[in-house]
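A short worksheet on the structure shown next.
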Amino acid sequence: MTTIKQPATIKDVAKRAKVAPSTVSYVLSGKRPISLKVQERVNKAIDRLDFKPNRAASHLRTGNSGAVGMVHPLSAKSYGHLDFIVTAAEVLQKKYTLNLFTKPTKPKELLEAFTQNHVDGLILMQITRLDSHVETLRKTPYPFVLIGRCERSEGLSLVDFDFENAVYLGVQHLASLGHKMIGYIDLPEQDRRSELGYALYLERGLKKAVKEFGVRVVRQEAGPELVGGYQATRRLFARNKKITAILAFAGLTYVGVLRALHELKKRVPEDCSVICSSTGSLSEWTMPRLTSVDTPLGELGKVGAELLLERLADKPFRQVLLPANLVERESTASPS
């Protein structure tokens with residue numbers, strides 16, 4: 001029977017070097033002066049025992065945690081935000097562990113994450129117009145970046161998507177095809193009431209497009225779930241049977257939209273055109289393929305992580321706005 005050798009502990013090193021465990025810690029961290037003779041004994045014991053300090057100990061000397069955080073509470077409605085997390089972790093993995101803050105976090109708790117050496121930097125998401133987290137952290141020297149925008153964004157590193165132009169392009173495309181009555185799958189009231197950045201920019205772009213192109217928009221609130229789009233679509237047509245197109249910019253609701261239109265025996269695009277804001281290549285796999293303004297969630301996470309690495313290296317602030325592009329596929333046509 002093979003015996004598995006247990007890794008050496010700091011106590012084993014201390015016993016071999018004939019010192020206290022705290023002395024070994026001080027040799028590793030350099031936080032207290034230790035005589036060269038004792039240091040030599042400790043280092044020899046470390047080599048002989050093949051002692052591997054844990055991650056926390058290995059960062060004692062530099063005062064760094066070796067980790068960064070991404071603040072994304074699970075209470076926030078997720079529109080495919082896993083893409084943010086995966087791409088950010090891939091960028092950071094060579095230098096840092098990515099920790100997720102999944103509970104609603106008070107500004108004071110974010111400060112404690114730094115002062116208690118849990119993280120070296122933070123990526124903030126779900127940014128609101130007047131964001132207390134941002135205002136608290138900007139008064140400190142701690143590195144942080146935003147995925148999103150707030151009202152006062154000067155002197156901050158951030159990346160965001162042009163949500164305002166995204167919805168504007170959708171209305172423009174439908175108006176150019178001759179649609180006059182458009183159903184709009186709206187964000188949940190909670191998102192609009194809390195003044196989340198993307199909700200504000202979608203609203204701004206919608207109002208601008210409606211005024212410029214002279215179309216009428218019938219709005220129906222929906223949650224981000226698939227069933228939300230399904231229920232909202234049925235309610236839209238119950239309210240107004242003259243709708244000839246639908247804009248679905250609330251998460252994955254467009255899948256529910258297609259299901260509802262099928263049950264209502266409305267062909268896409270012959271009876272009703274559909275434009276969505278997609279999370280990537282999903283719009284290529286629907287029937288029919290959906291005309292969409294694709295939200296580059298993966299790119300947002302990648303750039304957000306790169307910006308944080310820049311701030312950790314004390315490089316200048318940088319702001320990136322990813323452009324909106326409408327891809328015309330098979331789900332839009334002139335109204336019959």
Side-chain angles (χ1 to χ4, degrees), residues 72-84 102 104 125-126 128 148 161 163-164 166-167 170-171 174 179 181-207 209-210 216-241 243-269 271-295 297 300 324 331-332:
H72 185 261
L74 293 179
S75 59
K77 296 296 184 181
S78 174
Y79 303 123
H81 286 174
L82 182 61
D83 290 351
F84 284 122
T102 57
M125 298 172 59
Q126 295 289 309
T128 60
F161 175 64
F163 289 99
E164 181 176 343
V167 71
V171 176
L174 293 173
H179 293 276
M181 189 74 69
I182 299 170
Y184 183 71
I185 308 296
D186 214 343
L187 293 171
E189 183 183 355
Q190 179 182 348
D191 287 6
R192 290 177 279 123
R193 190 172 58 245
S194 61
E195 295 192 310
L196 284 167
Y198 59 82
L200 294 174
Y201 287 110
L202 284 172
E203 185 71 19
R204 188 180 299 177
L206 182 64
K207 288 182 177 178
V210 167
R216 183 181 169 191
V217 170
V218 183
R219 304 172 67 146
Q220 180 63 54
E221 178 185 342
E225 302 86 359
L226 308 186
V227 68
Y230 171 84
Q231 293 170 341
T233 301
R234 297 195 69 100
R235 288 168 183 159
L236 279 171
F237 280 100
R239 291 169 55 194
N240 192 317
K241 294 189 172 15
I243 290 171
T244 60
I246 288 180
L247 275 173
F249 277 59
L252 298 175
T253 51
Y254 57 87
V255 179
V257 170
L258 292 177
R259 174 65 179 266
L261 290 174
H262 175 75
E263 289 188 2
L264 292 169
K265 303 191 182 313
K266 291 188 178 292
R267 299 166 300 164
V268 179
D271 301 320
C272 184
S273 290
V274 177
I275 295 181
C276 72
S277 175
S278 174
T279 57
S281 60
L282 288 176
S283 50
E284 288 282 352
W285 289 94
T286 57
M287 289 292 290
R289 295 186 307 134
L290 282 167
T291 296
S292 67
V293 182
D294 293 339
T295 309
L297 297 181
L300 284 167
S331 65
T332 51

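Keep in mind that this is a model prediction, so the values were computed, not measured.
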> To the nearest 0.5 Å, what is the distance between CZ (R192) and CG (L187)?
Replying inline: 7.0 Å
> Can you check side-chain hydrogen bond (donor to acceptor under 3.5 Å, both in side chains) on S194 and T128, steps first, answer last?
Replying inline: CA-CA 7 Å; S194 61; T128 60; over 6 Å; no
> Are the side chain of R234 and the backbone of A260 linked by a donor-acceptor contact shorter than 3.5 Å?
Replying inline: no
> Any side-chain heavy atom of I185 within less than 4.5 Å of one from L236?
Replying inline: yes
>> Rounded at 0.5 Å granularity, tell me how far CG in L174 sits from OG in S273.
In response: 6.0 Å
> Counting distance only, does the side-chain N/O of E221 pair as donor-acceptor with the main-chain N or O of E189 below 3.5 Å?
Replying inline: yes
> How long is the span from the CG atom in L226 to the OH atom in Y254, to the nearest 0.5 Å?
Replying inline: 9.0 Å
> Got L290 and L258 here, is their nearest side-chain heavy-atom distance under 4.5 Å?
Replying inline: yes
> Do you know the tightest heavy-atom contact between S277 and T295?
Replying inline: OG-OG1, 2.8 Å
> Do S331 side-chain atoms and T291 backbone N/O form a donor-acceptor pair below 3.5 Å?
Replying inline: yes
> Counting heavy atoms not belonging to R216, are there more than 12 under 6.0 Å from its CZ?
Replying inline: no
> What distance separates L196 CG from M125 CE, expressed to the nearest 0.5 Å?
Replying inline: 11.0 Å
>> For a quick test of reading the model, state the closest non-hydrogen atom pair linking S278 to S283 and the distance between them.
In response: OG-N, 3.7 Å
